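This one's a predicted model, so the numbers in the text were calculated from it and none came from an experiment. Each chain gets a letter, A, B and so on, in the order its sequence line appears, and its residues count up from 1.
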Amino acid sequence: MRVSISVQEAKKIQREMLDRVDVGRPLSDEDVRMVGGVDVSYLKGVEKMFAAVCVFKFPEMELVECKTGSSKVTFPYVPGYLAFREAPAILAVINKIKSKPDLILVDGHGVAHPRGIGIASHLGVLLNIPTIGVAKSLLVGEYAEPSCEVGASSPIVYDQKEVGAALRTRKGVKVVFVSPGHGVDLDSAVRLTLACCLGYRLPEPVRRAHRLANEARVSYQKKHALRYGGTLGS
DNA sequence: GCGACAG
DNA sequence: ATCTTGTCGC
């Protein structure tokens, strides 16, 4: 792929963006009328990715609007630099929606990151919209396993600080790792994430965006008769 | 140097 | 993340 920038340059950008990240602001439920979720899927072999965004009315959690889009991959997957790979595609689909979410849940970490600025924080700063990182696995830090009931949580500690929480969003399933992205504090992030869950491990906005991004990839594969990353047929 | 390592 | 088939449990 034609790489947009180097990891060194990306690191410098993160350093410059870091002081704009705000995780000290409580966000009440009344502050959120619309909540969005974003995710990206990839097509093996070709340098293409499919992003999706789904917006829900909060706290009713009724689907309001969804958009998808495809983009070329211009940055490799490097742990700690996911934003430089996925943010461009995500920003593109967010620009397509008519509704204005007051909060966006991102598939990945927020400040529970080596340098305190994961993809959720990165997007929050660029959009100037509160964001929360919801990841399926840990990138940095340590945590104690919470009890198995819905809503149980325990802090993620990294560099002697509480940067997030391991949250049980559904009874008996693996926890998800929640961390503030930008414009919201940890307690609010955990509370709001839980309020977005409808019986599944992942909060609905992210779950639906994930599904939609996959559908967009599949339709692309079908449209171009792609399989195993190669071309079959015309 | 070695192991870890979001999606 | 992607690809892939069956299997286990509510």
Could you tell me whether [X] and [Y] have a side-chain N and a carboxylate O separated by less than 4.0 Å?
| X | Y | result |
| --- | --- | --- |
| A:Glu204 | A:Arg207 | yes |
| A:Asp107 | A:Lys136 | yes |
| A:Arg208 | A:Glu215 | no |

Do side-chain atoms of [X] reach the backbone of [Y] as a donor and acceptor pair under 3.5 angstrom?
| X | Y | result |
| --- | --- | --- |
| A:Gln14 | A:Arg115 | no |
| A:Arg33 | A:Asp102 | no |
| A:Ser179 | A:Gly110 | yes |

Measuring to OP1 and OP2 of [N], would you say a side-chain N or O of [X] lies under 4.0 angstrom away?
| X | N | result |
| --- | --- | --- |
| A:Lys136 | C:dA1 | yes |
| A:Ser137 | B:dG7 | yes |
| A:Tyr42 | B:dG7 | no |
| A:Lys44 | C:dA1 | no |

From [atom1] of [X] over to [atom2] of [N], roughly how many Å is that when rounded to an integer?
| X | N | atom1 | atom2 | result |
| --- | --- | --- | --- | --- |
| A:Ile156 | B:dA6 | CD1 | P | 13 Å |
| A:Phe177 | B:dC5 | CZ | P | 11 Å |
| A:Glu142 | B:dA4 | CD | P | 14 Å |
| A:Ile119 | C:dA1 | CD1 | C1' | 12 Å |
| A:Asp39 | B:dA6 | CG | P | 15 Å |
| A:Leu82 | B:dG7 | CG | P | 8 Å |
| A:His113 | B:dG7 | NE2 | C1' | 12 Å |
| A:Phe84 | B:dG7 | CZ | P | 18 Å |

Give the residues of residues 194-217 of chain A touching DNA chain C, defined as any heavy atom closer than 4.0 Å, sorted by residue number.
A:His210, A:Asn214, A:Arg217

Ring geometry between A:Phe177 and A:His109 (parallel below 30°, tilted from 30 to 60°, perpendicular above 60°)
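A:His109 vs A:Phe177 ring planes: tilted.
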
Which part of the nucleic acid, if any, lies within contact of [X], taking any heavy atom under 4.0 Å across all strands shown: a base, the sugar-phosphate backbone alone, or nothing?
| X | result |
| --- | --- |
| A:Leu138 | sugar-phosphate |
| A:Tyr81 | base |
| A:Gly133 | nothing |

Examine the side chains of A:Gln8 and A:Ser6 and answer whether a donor and an acceptor come within less than 3.5 Å of each other.
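Their side chains do not contain a donor-acceptor pair, so the 3.5 Å distance test is not met.
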
Side-chain H-bond candidate by donor/acceptor type, A:Asn214 with A:Arg211, under 3.5 Å:
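No, A:Arg211 and A:Asn214 have no side-chain donor paired with an acceptor closer than 3.5 Å.
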
When every non-hydrogen atom of A:Pro180 is compared with those of A:Ser121, the smallest separation belongs to O-OG, 3.8 Å

The dot-bracket string of DNA chain C, counting Watson-Crick and G-U wobble pairs with both distances under 3.5 Å, using [ ] for crossing pairs and | for pairs to another strand, is ..........

